[in-house]
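Note sheet for the following structure.
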Amino acid sequence: MTEILEQLNDAQRHAVTCTDGPVMVIAGAGSGKTRVLTYRIAVMLRNGIDPFNILALTFTNKAAREMKERITQLVGSSDARNVWMGTFHSIFARILRVEGHLLGYPSNFTIYDTDDSKNVIKSIIKELNLDPKQYTPGIVYNRISSAKSNLTSAEEYNHTAEIVADDNRAQKPMIGEIYTNYEIRCFKAGAMDFDDLLFKMNVLLHNFPEILYKYQNKFKYILVDEYQDTNHAQYLIIKQLAARHENICVVGDDAQSIYSFRGANIQNILNFKNDYPDLKTFKLEQNYRSTQTIVNAANSLIARNKDQIFKQVWTENEPGHPIQVLKAASEIEEGQKVANSIFEIKMNQQQPNSSFAVLYRTNAQSRAIEEALRKLNIPYRIYGGVSFYKRAEIKDLLAYFRLVVNPLDDEAFKRIVNYPARGIGKTTLEKIELAAVQTKLSNMQIALEPARYISGLPSGTVAKLEQFATMIQGLHYQLQKLDAYELAQKISVSSGLMMELMSDKSEEGLSKFQNSEELINAIKEFTEREEIDIPIDSDTEGSKRSLDVFMQDIALMTDADDDKDGNNNKVVLMTIHAAKGLEFPFVYIVGLEENLFPSNMSLTTRAEIEEERRLFYVALTRAEKKVVLSYAETRYRWGNLTANEPSRFLVEIDEQYLEKSLRRVPSEKPGSSPVMKQMPAYMKKPLNTPATSESSMFPPNYVTPVDEIQPGVSVIHERFGKGKVLSIEGSGPNTKATVFFAQVGQKQLLLKFAKLKVV
DNA sequence: GTGTGATATCTTTTT
DNA sequence: GATATCACAC
């Protein structure tokens, strides 16, 4: 115990040992936040607190996994295993499987991912005869999602004047109606979406005092990681659970709040003390991760944000290298320069591949980097992007599993009823859908007795449907008789999926087959595994290795677990969001261009730009030894070449921390004179400056503000040329303009994409 | 009912 | 560039 505490500084030690009562830890980047959390749990366990009474909530599966490993190292696996540790979503899903029957959900409810949800919305839009152009599933989904994150039910949604007014203004008055239908459909299908896991958990605790009481007593000690990223629903669950014992410890850093787009409310951490008058606050300000240069550079950047809790992050580490800025003509060159730089450092300093990370704003940027690394034979691993579980062939197989586990799951039904093709086409599916809505039955129930519910169906179709439905039903009955692996194999064979995959001899088909095989193998491993990831109460069933148990967590998995080939010595490629909480000796942050980072979606309000800036702060502070920044003057974006200015963030870092800065005093900069602003970007390159890795840069050139584009004005579009604005529709980010171009005629353009310049 | 090719639309970020 | 949707031939 003492040896544990000796490894901590004063602030850390206080945060670790103060295990009773409400505690807030404001942890600057690299200040040992995870260490505090894990040691705190270790101390509690050594003090004799029952691991079953500890709840530790994280934001990602990776964070939970890592913390569990570290605790295991400190106190051994028998105790560590029994701590309730996981993401908000997975922990509450677990509880809802046990208690959900109170809300009318089966314990094997399906978890709809975003695609499923959007598909449900799509079919409702169709059913209500709404214009799919006006009601895009994505927008509707976001509206519903943020309503749920704020605990606004469909009914409240329709009765809240402000919300109704908003939707009316956006010319989408039917969203409330869609929301209502969406809820009905999901419930009928025995399905919850991601937001439901938080929403229904709240309902459960709110409506069933005995359940609240049960879990308050179960979770006597609660810890929350990344508290700055919690949304209202999460906040309220924590508050309710902690209300009895008030042994709650939240850890976070307001400067690293990067999820407000998903409903995260930074006020949760700023106002935390209001909920707990006895709150003890500890600030961790000493950075152990990065060089002075990196810490100071990051500080100089984040100082530009207005909304923040005051703290002074500092370090005793060495000064380190200045931050390097690479300039490239194109994304291809950017990739090459990054790869070359990695290669050089790797060779000169004998660094393993795993010392390097390349971070970017959007997943699409990974491609150019990948290609460059491949050319130099540098092994890499991409996190995120099209994850294993999102691949079409995996989703097909999983849809079969889902339907077998939960025959009410209409989305799964629709996905696979005709894959492999069995002559059940669009028309038939529409008839089934219609019948399902009218009879309030599931698609499966209709398919079991098609003739009974749909009149005039060709006898061939009836037979095909019955055959399919009977097969699924037969498999469903074997759920508890076979283990997950046996059943999964049986499903893949009798569905004809394996046959289908094996007959496809193309390279693509082969990889699909291999991926499917890999999923089956994962199930096999699961069947043979002894331990369970999250403890199960003694009053629930034991450790049955059946397929429904396997399926419980699968929807919440985002990345395929650790590397299959066991080789972890690879350069890591990921988005900055995914990199939160991680650290690497050498960090490359690429694509530092206006409209990319900061994203063009986030340029309208100060709050949005501040969040982008926090994101950049997170990126910088991932690095231990050295940061390299890069930008490309041109880059392909959705198919065509675009030119972008270097990111404003480049000039926001105090230049003394940048390598051999060629920057001049701002007013003398050629790029900032009014004349230069009118010139196309490629002409602004100062003469005599070779296009190498020097950090010459210009302040960003902003596109014509949207509100200057009015009917009647003449504009220039980079591809369509000169034109005249005829009319403007919509508002906010979705403003559309109808423009008549001399060369190509009339076009409708979304102003956020079409970069129009007023002539 | 199925399969093909053309074409519109699109992308932040994640559980 | 990639995917979803649509029109059309079989």
Side-chain angles (χ1 to χ4, degrees), chain A residues 57-64 86-93 111-115 117-119 122 126 132-133 136-139 142 145 148-149 192-198 226 229-231 233-234 257-264 331 359-365 367-368 383-387 389-390 392 418-431 458 460-461 464 553-559 574-580 591 595-603 608 611-612 614-616 618-619 635-641 733 747-750 752-754:
Chain A
L57 295 168
T58 65
F59 213 61
T60 63
N61 293 308
K62 212 193 307 168
T87 63
F88 283 89
H89 290 84
S90 69
I91 295 279
F92 301 151
I111 297 173
Y112 276 175
D113 67 13
T114 310
D115 288 342
S117 299
K118 285 183 184 166
N119 285 334
K122 216 181 284 176
K126 205 162 154 199
K133 294 230 165 68
T136 57
I139 292 174
N142 285 337
S145 171
K148 284 192 190 177
S149 302
M192 296 201 199
D193 65 18
F194 288 139
D195 300 302
D196 280 333
L197 297 175
L198 308 176
E226 309 282 14
D229 285 326
T230 51
N231 64 28
Q234 289 162 327
S257 158
I258 54 174
Y259 280 101
S260 74
F261 71 93
R262 217 171 83 190
E331 71 209 300
L359 308 181
Y360 34 78
R361 179 68 235 265
T362 63
N363 282 306
Q365 289 167 255
R367 166 172 268 138
Y383 285 79
V386 195
S387 84
Y389 295 102
K390 283 231 168 96
N418 197 33
Y419 182 78
R422 25 176 100 79
I424 302 166
K426 217 168 79 183
T427 327
T428 311
L429 244 173
E430 270 169 17
K431 286 179 190 161
T461 313
K464 287 171 194 159
D553 293 328
I554 225 66
L556 298 171
M557 299 294 277
T558 43
D559 48 6
M574 59 171 86
T575 64
I576 301 167
H577 283 87
K580 193 166 73 155
N595 296 320
L596 181 60
F597 192 15
S599 159
N600 54 342
M601 314 292 286
S602 310
L603 294 173
E608 283 174 344
E611 177 146 322
E612 294 282 311
R614 288 194 295 269
L615 193 57
F616 188 37
V618 168
R635 153 183 323 272
Y636 278 93
R637 273 187 111 179
W638 43 93
N640 46 5
L641 195 65
K747 291 264 172 195
Q748 280 223 329
L749 302 162
L750 264 182
K752 65 178 164 182
F753 293 122

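These numbers come from the heavy atoms of this one structure, side chains and all, not from hydrogens, waters or symmetry mates. Every value quoted in this text rests on a predicted model; they were computed, and no experiment measured them. Below, read A as the first sequence line, B as the second, and so on, with proteins coming before strands; counting in each chain starts at 1.
Counting non-hydrogen atoms under 4.0 angstrom, A:I424 reaches the backbone sugars and phosphates but no base. Nucleic acid contact for A:F597: none, since no nucleic acid atom lies under 4.0 Å from a heavy atom of the residue. Note on A:T428: only backbone sugar-phosphate atoms sit closer than 4.0 angstrom, heavy atoms only; bases stay farther off. Residue A:Y259 is classed as a sugar-phosphate contact, given heavy-atom separations below 4.0 Å to backbone atoms only. A:T114 comes within contact range of at least one nucleobase, with a heavy-atom separation under 4.0 Å.
For the pair A:K580 and A:F59, the cation sits on the ring face: its NZ or CZ lies under 6.0 Å from the ring centre, inside 45° of the axis.
When the side-chain nitrogen and oxygen atoms of A:N363 are compared with OP1 and OP2 of B:dT13, one or more of them lie within a distance under 4.0 Å. Of the side-chain N and O atoms in A:S602, none sit less than 4.0 angstrom from OP1 or OP2 of B:dT13.
Residues A:F194 and A:R422 each lie close to DNA chain B; by heavy-atom proximity, the contact nearer the 5' end of the strand is made by A:R422. With DNA chain B read from its 5' end, the first of the two nearest nucleotides for A:K431 and A:E611 is the one closest to A:K431.
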What is the per-nucleotide protein-contact pattern of nucleotides 2-10 of chain C, from the 5' end, where B denotes a base atom under 4.0 Å from a protein heavy atom, S denotes such proximity for sugar-phosphate atoms only, and - denotes neither? S--S-----

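In this structure, A:F261 counts as stacked on the base of B:dT13 under the 5.5 Å centre distance and 30° plane angle limits.
Under the ring pair (Phe, Tyr, Trp, His ring centres under 6.0 Å) criterion, A:Y360 pairs with no residue, sequence neighbours left out.
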Steps toward side-chain contact (heavy atoms from CB on, under 4.5 Å) verdict (A:N231, A:L198): CA-CA 10 Å; A:N231 64 28; A:L198 308 176; 3.9 Å; yes

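Checking B:dT14, B:dG1, B:dT2 against every side-chain atom of A:N418, the shortest atom distance belongs to B:dT2. Of the candidate nucleotides B:dT15, B:dT11, B:dT14, B:dT11 has the atom lying nearest to any side-chain atom of A:M601.
Spacing of C1' atoms, B:dT13 relative to C:dA4, comes out at 23 Å, to the nearest Å.
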